[in-house]
Amino acid sequence: MPHQPLIVSGVEVTPLCDAVGPMGAAILRPMAEMFPGAGLAEEPWVLHFHCFLIRDAAGRLTLVDTGIGAAGSPASSWAPVPGSLAGELAAAGVSPADVGTVILTHLHSDHASGAVGDDGAPVFVNARHVLQRADLDVVGGAMRDQVITPLKDLLHVVEGDTEVAPGVRVHLTAGHTPGHQIVRVGDVAVTGDLVLHPAQLADPAVPYVYDDDQELAAATRARALGELRAARAVLATAHFADPFIQL
Ligand SMILES: [Zn+2]
Ligand SMILES: [Zn+2]
């Protein structure tokens with residue numbers, strides 16, 4: 001377990017490092033092209049892929065995102081599968097059956113694929129899987145067939161901002177995908193792909209080439225980061241090398 005947990009307001013937030021590596025050839029571009037205008041290097045971007053485990057004072061467990069998944073997952077065309085989520089959870093003393101809530105920040109293959117195992121069955125059998133309606137409405141291809149369809153009875157579809165477990169709220173932050181959501185618990189915000197690279201903290205207008213709607217994503221990023229900065233929140237980031245950033 002390469003990253004340390006953070007404890008805030010009686011809630012423990014543990015980063016689970018699912019993988020580290022550059023994107024595969026299918027979608028690989030230099031960083032300078034991934035984040036136009038940010039002045040980044042003409043080198044591949046080496047990403048961490050983080051999920052986060054939230055353990056509240058009563059011991060309830062919420063998992064935010066499920067990573068890149070098994071060897072044959074929808075992320076296998078471009079991400080360093082298989083992910084290490086199962087081992088990371090075990091290192092945190094948690095069995096998948098202990099997780100009561102899974103929150104999927106969005107339905108990209110590196111965030112949701114690990115909800116289903118190599119056998120095609122759900123991994124977190126006792127968990128509601130919270131996702132936004134707007135992402136479910138547009139998901140297709142392998143993500144629908146290999147992830148959403150097997151999860152069917154475990155899906156908990158929400159629209160907009162809502163409390164999904166005691167003290168755990170989701171906030172719709174559309175742009176990266178139509179139904180992208182971030183998670184707030186205490187002073188922590190688990191940000192999914194609201195921000196992909198630290199350059200976007202300095203300038204939220206820096207676009208990310210794989211945002212679905214770059215203009216909306218930039219506006220959402222500026223608004224959400226402004227609110228989080230005013231709240232002096234700690235960001236729990238999916239792809240930064242350091243999972244926690246104090247704004
Ligand atoms: Zn990491
Ligand atoms: Zn994404």
Side-chain angles (χ1 to χ4, degrees), residues 1-6 13-24 26-29 31 34-35 45-53 63-69 73-89 91-92 103-115 131-132 134-136 138-144 147-148 170-183 188-198 200 206-214 216-218 220-221 224 234-245:
M1 183 142 45
H3 306 302
Q4 292 303 307
L6 184 74
V13 182
T14 302
L16 307 169
C17 199
D18 189 42
V20 180
M23 291 178 173
I27 59 171
L28 182 65
R29 301 193 199 186
M31 270 191 294
M34 291 263 189
F35 300 97
W45 174 34
V46 177
L47 305 78
H48 287 232
F49 297 80
H50 296 144
C51 311
F52 290 88
L53 182 71
L63 176 66
V64 182
D65 284 338
T66 60
I68 60 180
S73 90
S76 59
S77 65
W78 69 275
V81 293
S84 306
L85 178 61
E88 289 281 282
L89 277 172
I103 299 172
L104 301 172
T105 59
H106 62 300
L107 295 180
H108 279 168
S109 60
D110 56 325
H111 290 258
S113 293
L131 73 170
Q132 291 280 334
D135 256 28
L136 185 62
V138 298
V139 70
M143 287 305 293
R144 174 167 286 282
V147 178
I148 294 301
V170 295
H171 297 267
L172 178 63
T173 46
H176 179 69
T177 63
H180 186 278
Q181 58 186 349
I182 64 171
V183 182
V188 175
V190 186
T191 50
D193 282 354
L194 177 74
V195 285
L196 281 292
H197 189 280
Q200 293 179 310
V206 167
Y208 174 54
V209 73
Y210 296 123
D211 284 334
D212 278 2
D213 181 332
Q214 292 187 11
L216 178 59
T220 295
R221 192 158 45 241
V234 175
L235 302 193
T237 67
H239 297 301
F240 294 12
D242 187 343
F244 294 119
I245 300 281

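For ligands, and for the atoms within them, numbers begin at 1 and follow the listed sequence. Values in this document were obtained by computation on a predicted structure and should not be read as measured data.
- For the Zn ion (ligand 2), the N/O/S atoms of His176 include one lying under 2.8 Å.
- In this structure, the side chains of Val195 and Phe240 come closer than 4.5 Å at one or more pairs of heavy atoms.
- Evaluated for a ring pair (Phe, Tyr, Trp, His ring centres under 6.0 Å) with His111, the options His239, His176, His180 yield exactly one hit, His239.
- Just one of Leu16, Thr14, Leu53 meets the side chain to side chain contact (heavy atoms under 4.5 Å, CB included) condition when paired with Pro5; it is Thr14.
- When all heavy atoms of Pro178 and Val138 are compared, the pair lying nearest together is CG-CG2, 4.1 Å.
- When you scan the N, O or S atoms of His108 for the one nearest the Zn ion (ligand 2), you land on ND1.
- One of the N, O or S atoms belonging to His106 lies under 2.8 Å away from the Zn ion (ligand 2).
- Rounding to the nearest 10°, we obtain 110° for the angle at the Zn ion (ligand 1) between His48 ND1 and His3 NE2.
- In Asp193, the N, O or S atom that comes nearest to the Zn ion (ligand 2) is OD2.
- For His50 atom NE2 and Cys17 atom SG, the angle they make at the Zn ion (ligand 1) is roughly 120°, to 10 degrees.
- The side-chain heavy atoms of Met143 and Ile148, taken from C-beta on, include no pair separated by under 4.5 Å.
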